[in-house]
Amino acid sequence: MCKSPLHNFLASLPKAEHHIHLEGSLEPELLFSLAAKNNITLPVSTDASFASPASLRKRYSAFANLDDFLAYYYIGMSVLLHAADFEALAYAYFAKAAAQNVRHAEVFFDAQAHTRRGVALETVVDSFKKAQVRAEKDFGVSSELIMCLLRHLPLSSALDTFGLARGKGYFRDGTLRGMGMDSSEVPFPPPMWTELYEAAREEGIRTTCHAGEEGPPGYVSQALDLLGVQRIDHGVRALVDGDDALVARLAASKTLLTMCPLSNVKLNCISSMSEFPLRRLLDAGVRFSINSDDPAYFGGYILENYCALQETFGLSIRDWEMIAKGAIMGSWCTEERIAKLLVEVEDVVEEWARQFEEQ
Ligand code: ADE
Ligand code: ZN
């Protein structure tokens, strides 16, 4: 809970989340219990942080950079083997998100990180789907699943995995709403992936891409120009270092940037929360959402990200109304769902604005 008088407002604000890796919501306690259940030996002999959930959590507070985090992230997800493991992981995320008034979530998963360990794609996708259906029924949270491909593996692996998902009909039947790319960034720039995004375009699906997290603003322009993505995940370096023409282009094209402030600080993509380019985003009219990225690793879910911004920038209720509505309008759900969620935001904003004006 943050110290802002707006904390309860932020908690009750209806939210849309667009940048959460389900594997990044694997809390150390669940990681250890699944390792024990599935007879997976964690590398405690070479890394003492794997001694207990507490020591692992402590290590998570000191990542040097993106690749340092990713090494733990891939070891962590190696405990996920069976359908029930994937379903439990996703349902736990939806339960936490719902408790923070997330009303719509677009969630990533890393298909290759599981298939290359011998887990079938259907085991992963069908289990996440089950959790999505339960979350809609139990919490009223709508959601979409986005398959991410890994940049540190060869293009051929990404194309094979894309082809596997296409062959199962997951794009055609809407099980997968779109495709993204993640993992290490700087050595694997957008021009490497044009063939993959061409295949996605032929399939007629929505596309996004992690860009400008550690990489330069030019990677964001390349993702738009060469890959034709509709969204950018992170893009923070474009807002910190990018020129006004790039920022104006993002605003004019209404490209949603799925921003993750706590992640950016924890991975040293920015030096502190005060470097997060919130003012530039708002002033330039760029469409963006605030998200948790890998909440089990970066010290918080979506609300903790909202709170961190509030404590640093002291936003008004009307600023938050703009952020919440922008996020909803950038969602890949139906027009009806968007309209309903916008009304929910207005109701909460009006109630709180009245209370504050009365004081
Ligand atoms: N995979 C999970 N989290 C990621 C991040 N922040 N950047 C790139 N790849 C990721
Ligand atoms: Zn991410």
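From a predicted model like this one, the values you see are computed outputs, not experimental measurements. Reckoned from all heavy atoms, side chains included, excluding hydrogens, waters and symmetry mates. Every number for a ligand or one of its atoms is a count from 1 in the order of the listing.
Angle NE2(H21) to the Zn ion (ligand 2) to NE2(H210), rounded to 10°: 100°. Vertex the Zn ion (ligand 2), arms ending at NE2 of H19 and OD1 of D293: the angle is 80° after rounding to 10 degrees.
Using a 4.0 Å cut-off to heavy atoms of H234, the atoms of ligand 1 that qualify are 6 (N). Interface atoms of ligand 1 facing Y73, defined by a heavy-atom separation under 4.0 Å, are 1 (N), 2 (C). For ligand 1, the atoms closer than 4.0 angstrom to any heavy atom of D293 are 3 (N), 5 (C), 6 (N). Close approach of ligand 1 to L66 (heavy-atom distance below 4.0 Å) involves ligand atoms 5 (C), 7 (N), 8 (C).
Salt bridge status for R279 with D283: absent, with no side-chain N to carboxylate O gap under 4.0 Å. Remark: R116 does not engage D160 in a salt bridge, criterion side-chain N to carboxylate O under 4.0 Å. With respect to the salt-bridge test (charged N to carboxylate O, under 4.0 angstrom), the residues K37 and D85 qualify. Salt bridge E344/K340: present, at least one basic N to carboxylate O contact under 4.0 Å.
The shortest N or O to N or O distance between D294 and ligand 1 is under 3.5 Å. In terms of polar-atom proximity, E213 is counted as a contact of ligand 1, with an N or O under 3.5 Å from an N or O of the ligand.
Using a 4.0 Å heavy-atom cutoff, G24 is absent from the residues neighbouring ligand 1. The closest approach between F108 and ligand 1 stays at or above 4.0 Å for every heavy atom of the residue.
Y72 and F50 have parallel rings, their planes meeting at less than 30° on a 0 to 90° scale where 60° marks the start of perpendicular.
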Inset, instruction - Show the numbers, then the answer: is there a salt bridge (charged side-chain N to carboxylate O under 4.0 Å, His left out) between R249 and D225? - result: CA-CA 12 Å; R249 174 188 184 179; D225 292 335; 2.7 Å; yes
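For the atom pair E144 CD and R337 CZ, the distance stands at 10.5 Å (nearest 0.5 Å).
Annotation: atom 9 (N) of ligand 1 to nearest protein heavy atom, S183 N, 2.8 Å.
By the side-chain hydrogen bond (donor to acceptor under 3.5 Å, both in side chains) test, N39 is found to be paired with no residue, residues two or more places apart in sequence or in another chain being considered.
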